[in-house]
Amino acid sequence: MAMGEFELIRRYFQQDGGAFGVVRGVGDDCALLSVPEGQQLAVSMDTLVGGVHFPPNADPELIAERALRVNLSDLAAMGAEPLWFTLGLTLPSADEAWVKSFARGLLRVAADYNIALVGGDTTRGPLAITLQVHGSVAPGRALLRGNASVGDWVFVTGTVGDGAAALAVIKKQLEVGKSAFNYFMNSYYRPEPRIAFGQALQGVANAAIDISDGLVADLGHICEESVLGARIDLGKLPLSEPVRKLVSLDKGVQWALSGGDDYELCFTVPQARIGELERLIEQKRLQATHIGEITRGSGVTCFYKGREVPLKRQGYQHFE
Ligand code: ADP
Ligand code: MG
């Protein structure tokens with residue numbers, strides 16, 4: 001892009017100073033950052049492609065919200081504290097109104113979660129957004145996928161299935177009333193990264209992951225990394241009221257298991273620390289539902305009323 005266009009984009013993304021550890025942010029050849037003393041850096045990157053991960057004609061403010069929230073969810077799943085992020089932006093054209101609105105959404109979420117935009121790159125091409133987030137976590141305190149033990153209880157935060165329901169609503173596969181439409185738009189574009197929950201789980205949970213591809217697929221990652229299996233009691237899955245009202249229980253459960261895009265945390269807790277977990281829940285520092293156990297063997301097995309239920313479909317669907 002022409003230099004003038006870069007200037008424009010930089011102007012919208014330049015932030016006031018004062019963020020933690022930022023010696024130099026947007027505007028120099030590199031960002032210069034002071035890592036908090038004695039902490040480890042947690043780094044994660046996610047790319048969202050227009051037409052694949054979101055409708056390309058969606059409100060740019062919402063696209064930005066979703067992009068940053070989804071990336072923050074990975075920091076949450078490690079129990080990390082957000083610090084800084086960089087933005088790789090590929091745009092078909094330097095549309096000032098689009099950039100202005102995108103920046104407004106992005107910087108609002110950044111302020112809400114106390115994470116500073118410190119740099120990036122801007123190119124012309126099909127709409128795509130890459131974010132790299134950086135967070136800090138004390139050595140030995142990060143929540144890893146591979147630390148689950150046999151007998152751990154499996155939990156999920158919030159509700160599951162809303163992401164898949166929202167996708168069906170946005171793709172107009174399902175008709176809903178105004179209040180349900182607003183609920184699902186909100187869950188799709190403004191998922192809540194469970195930063196505080198992730199931090200509360202340090203020293204309590206053995207393993208954790210955020211649910212981006214679907215509960216079965218993501219709990220499956222914990223199983224693979226821990227070289228163990230898991231069982232889920234389908235009767236315990238926390239489905240939201242709007243999902244229960246919208247579809248049959250069967251469909252809701254299927255969404256919860258394989259839909260994805262929920263960005264809740266799935267985590268495992270050894271039985272010796274269930275008391276601590278319950279205290280966190282009582283103190284409202286955590287909201288979570290017990291849905292199953294870690295077992296010997298491999299893979300995720302589902303049960304309903306004590307009987308095994310074969311899985312219809314795993315994994316996630318793209319936007320198209
Ligand atoms: P360079 O040619 O050195 O890569 P750029 O013109 O790409 O320089 O970027 C100049 C400054 O603007 C850098 O500090 C870079 O981090 C920042 N920047 C460029 N694009 C973005 C963006 N999309 N978001 C945030 N910062 C950006
Ligand atoms: Mg550059």
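Keep in mind the model is a prediction, meaning the values are calculated, not measured. One-based numbering, in listed order, for ligands and for the atoms of each.
- By the 3.5 Å distance cut-off applied to N or O atoms, G27 is counted among the residues near ligand 1.
- Classified by interplanar angle (parallel below 30°, tilted 30° to 60°, perpendicular above 60°), the ring pair H290/F155 is tilted.
- The nearest pair of heavy atoms linking L143 to G198 is CD1-O, 3.4 Å.
- Those atoms of ligand 1 that come under 4.0 Å of a heavy atom in G119, given as number and element, are 16 (O), 24 (N), 25 (C), 26 (N), 27 (C).
- Taking every heavy atom of V26 and a limit of under 4.0 angstrom, the matching atoms of ligand 1 come to 12 (O), 14 (O), 17 (C), 26 (N).
- For residues 98-120, every residue pair satisfying the side-chain hydrogen bond (donor to acceptor under 3.5 Å, both in side chains) rule, not counting sequence neighbours, is listed here: E61-R104, E61-R108, E65-R108.
- When non-hydrogen atoms are compared, ligand 1 lies under 4.0 Å from the backbone of D121 as well as from its side chain.
- Considering backbone and side-chain atoms together, L117 places no N or O closer than 3.5 Å to any N or O of ligand 1.
- Between the CE atom in M78 and the OG atom in S44 there is a gap of 9.0 Å [rounded to 0.5 Å].
- Remark: L107 CG to I115 CD1 distance equals 11.5 Å, nearest 0.5 Å.
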